[in-house]
2 protein chains.
Amino acid sequence: MSLSLAEENYLKAIYHLSEDGTKDVLTNALADSLSTKAASVTDMIKKLSVKNLISYKKYYGVNVTAKGKRQALQVIRKHRLWETFLVQKLDFAWDEVHEIAEQLEHIESPRLIEKLDKFLGYPTVDPHGDPIPNGKGKIVIKPQIPLDQIEEGYKGAIVAVKDSDSAFLKYLEKIGAKPGKKIQVISKEAYDESMEVIVGNQKVFISKEVSKNILVTE
Amino acid sequence: MSLSLAEENYLKAIYHLSEDGTKDVLTNALADSLSTKAASVTDMIKKLSVKNLISYKKYYGVNVTAKGKRQALQVIRKHRLWETFLVQKLDFAWDEVHEIAEQLEHIESPRLIEKLDKFLGYPTVDPHGDPIPNGKGKIVIKPQIPLDQIEEGYKGAIVAVKDSDSAFLKYLEKIGAKPGKKIQVISKEAYDESMEVIVGNQKVFISKEVSKNILVTE
DNA sequence: GTATTTTTTTAGACGAGTCTAAATTTCTAG
DNA sequence: CTAGAAATTTAGACTCGTCTAAAAAAATAC
């Protein structure tokens, strides 16, 4: 019983907008997120509801069921594995891969995903640092703290970045800051909370604007 | 002006059934090949015709136009590059990749295909030995002769296989015969045209049934 | 060269997914 | 607590790709 492309996209959007199933999602929010109209959302919501993938109470928003969550996580797993492939193997920049992965995530072949996962060395995070659900749909999240809450003398590594704005990603690229890289905090300015850090082996100054969007290990 | 999934599939089928644009394709042949009904074929044919991708005269079959051929070759290029990726990088067997490539060939991103091509080292043939059209849609074909027309003493290499039946491919796998492998003809039996050949460094007997489906260099 | 069979096309319908416009329900200001 | 605003749902229509059944054209048989 496999899902259509549209069904997968709705399910994924609901899962994300509900913040991993914790909040209910409103019709208009979903319409905005999917660049469609509220009427279309209502139609699709009814279908997913009949299939027991989401729970829906008229006028009060929707959320994924356990079954829907499983399916959403499979799509997310595929999306993030493909993004990892595009960046690591095909040499795409982080900010170019989203649209392509958006297409690739709908390819149906469990064997393909298994083999891709193996080929990539069973990665646990994608190029943005977002966790990749495993084959059973489990997400293993390492604790991650925004860099702006870190004190002088810290040593650790970047695990993820929050903002996915292209200009921001390009800036990070330039200073060599990407998930997996080691990072040290040399000094922190009390006045504006700007920091001097070592990332890779380069010393750089970063503003609070930037540091709050970089997530690091404990 | 990009094509829908169905349009791409029709175009590709027409191109293949017309033997690269040399013969006209009949409605029923197309319906069989696409596992659909003649009425559906007629409908789609009209659409492709309006878009100038095929030329169509009622009751007399269709063929690709120059524009349609270009598009068909792009899809075929993508299909064969993905098959190559699946076999060479993800370690699939030849006979498992067709259906997956059938999905992957519709992913739209010229940059993706360029980068995939580079990643694979600009291959000229896919795992079945079929030529991969280049970025401009040109096919570079090496001369290829069915092995059953070859005489004793020949030394050359396998360039392709004709039959794509799974059992046949598995048999070839077993005797180590795949495109790129060197092959020598030790002896040929006049009575049934069976042959003794060395492929790789293994000596094997093959029937005419098999040899006529193996294509080799001049 | 007419009759029968085969192939192709047309006519009309359907499901998926979307839309606009109108109706309904819920929210919110005063 | 009620009127107006905002959000959501319903009604009806459209496109895409498909189908079945019937009509039309072409091929074939005798």
Side-chain angles (χ1 to χ4, degrees), chain A residues 1-15 17-18 23-64 68 71-72 75 102-103 105-108, chain B residues 1-18 23-64 68 71-72 75 99 102-103 105-108:
Chain A
M1 195 231 46
S2 71
L3 305 181
S4 74
L5 197 144
E7 288 172 331
E8 286 194 349
N9 283 336
Y10 271 88
L11 214 46
K12 194 177 55 143
I14 294 168
Y15 180 79
L17 288 175
S18 71
K23 295 181 177 175
D24 284 354
V25 180
L26 301 179
T27 302
N28 271 351
L30 211 39
D32 282 359
S33 156
L34 292 163
S35 303
T36 183
K37 295 295 149 69
S40 310
V41 171
T42 302
D43 287 347
M44 181 56 92
I45 271 174
K46 285 183 194 159
K47 280 194 223 166
L48 293 175
S49 193
V50 167
K51 292 192 177 185
N52 245 297
L53 294 162
I54 59 176
S55 60
Y56 166 51
K57 223 185 93 190
K58 260 193 189 179
Y59 295 101
Y60 285 94
V62 294
N63 215 328
V64 290
Q71 298 266 10
V75 179
E102 207 72 12
Q103 297 180 61
E105 73 189 9
H106 302 293
I107 302 292
E108 189 179 315
Chain B
M1 199 229 45
S2 72
L3 305 181
S4 74
L5 198 142
E7 287 172 332
E8 286 194 349
N9 283 336
Y10 271 88
L11 214 46
K12 194 176 54 142
I14 294 169
Y15 179 79
H16 279 138
L17 289 174
S18 72
K23 297 179 175 176
D24 285 352
V25 181
L26 301 178
T27 302
N28 270 352
L30 211 39
D32 283 359
S33 157
L34 292 164
S35 303
T36 183
K37 297 293 149 70
S40 310
V41 171
T42 303
D43 287 347
M44 181 56 92
I45 271 175
K46 285 184 194 160
K47 279 193 225 169
L48 293 176
S49 193
V50 167
K51 292 192 178 185
N52 247 295
L53 294 163
I54 60 175
S55 62
Y56 166 52
K57 222 185 92 188
K58 263 192 188 180
Y59 293 101
Y60 283 94
V62 294
N63 214 328
V64 290
Q71 298 266 10
V75 179
E99 274 90 61
E102 208 71 11
Q103 296 180 60
E105 73 190 8
H106 302 293
I107 301 291
E108 188 180 315

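Order of the sequence lines sets the chain letters (A, B, ...), proteins ahead of strands, with each chain counted from 1. Only a predicted model underlies this, so the values are computations on that prediction, with no experimental measurement involved.
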Query - Any side-chain heavy-atom pair of A:V41 and A:Y10 under 4.5 Å - result: yes
Could you state the atom-to-atom distance from [atom1] of [X] to [atom2] of [N] in whole Å?
X	N	atom1	atom2	result
B:K51	D:dC16	NZ	C1'	10 Å
A:I45	D:dT10	CD1	P	11 Å
B:K46	C:dT8	NZ	C1'	10 Å
B:D24	C:dT7	CG	P	17 Å
B:N9	D:dT18	CG	P	9 Å
A:N28	D:dT9	CG	C1'	11 Å

Over all atoms of both residues, closest heavy-atom pair of [X] and [Y]:
X	Y	value
A:V25	A:L30	CG1-CD1, 4.2 Å
A:K12	A:V75	CD-CG1, 3.8 Å
A:Y60	A:D24	O-OD2, 4.0 Å
A:V64	A:I14	CG1-CG2, 3.9 Å
B:A38	B:T27	O-CG2, 3.7 Å
A:A6	A:M44	CB-CE, 3.6 Å

Requested in this report: Pick base, sugar-phosphate or nothing for A:T27, based on heavy-atom distances below 4.0 Å to the nucleic acid.
Outcome: sugar-phosphate
Report task. Do nucleotides 15-22 of chain C as a string where each nucleotide becomes B, S or -: B if the base has a protein heavy atom under 4.0 Å, S if just the sugar-phosphate does, - if no protein is that close. Result -> -SSBBB--
Query raised in the report: With sequence neighbours excluded, what pairs up with B:E108 under the side-chain contact (heavy atoms from CB on, under 4.5 Å) test?
Result: A:Q103, B:S2
Query raised in the report: What pairs with B:E8 under salt bridge (charged side-chain N to carboxylate O under 4.0 Å, His left out), at least two apart in sequence or on another chain?
Result: none
Requested in this report: Enter the inter-axis angle for the ends of the helix from C:dG1-D:dC30 to C:dG30-D:dC1 (five pairs per end, rounded to 10°).
Outcome: 0°
Just list the side-chain donor-acceptor pairs under 3.5 Å for residues 46-53 of chain B, sequence neighbours left out, or say none.
{"residue": "B:K51", "atom": "NZ", "partner": "B:E7", "partner atom": "OE1", "Å": "3.4"}
{"residue": "B:K51", "atom": "NZ", "partner": "B:E7", "partner atom": "OE2", "Å": "2.8"}

Query raised in the report: Where along residues 52-63 of chain B does a heavy atom fall under 4.0 Å from DNA chain C?
Result: B:Y56, B:K58, B:Y59
Query raised in the report: Roughly how far, to the nearest 0.5 Å, is the CG atom of A:N9 from the CD atom of A:E105?
Result: 6.0 Å
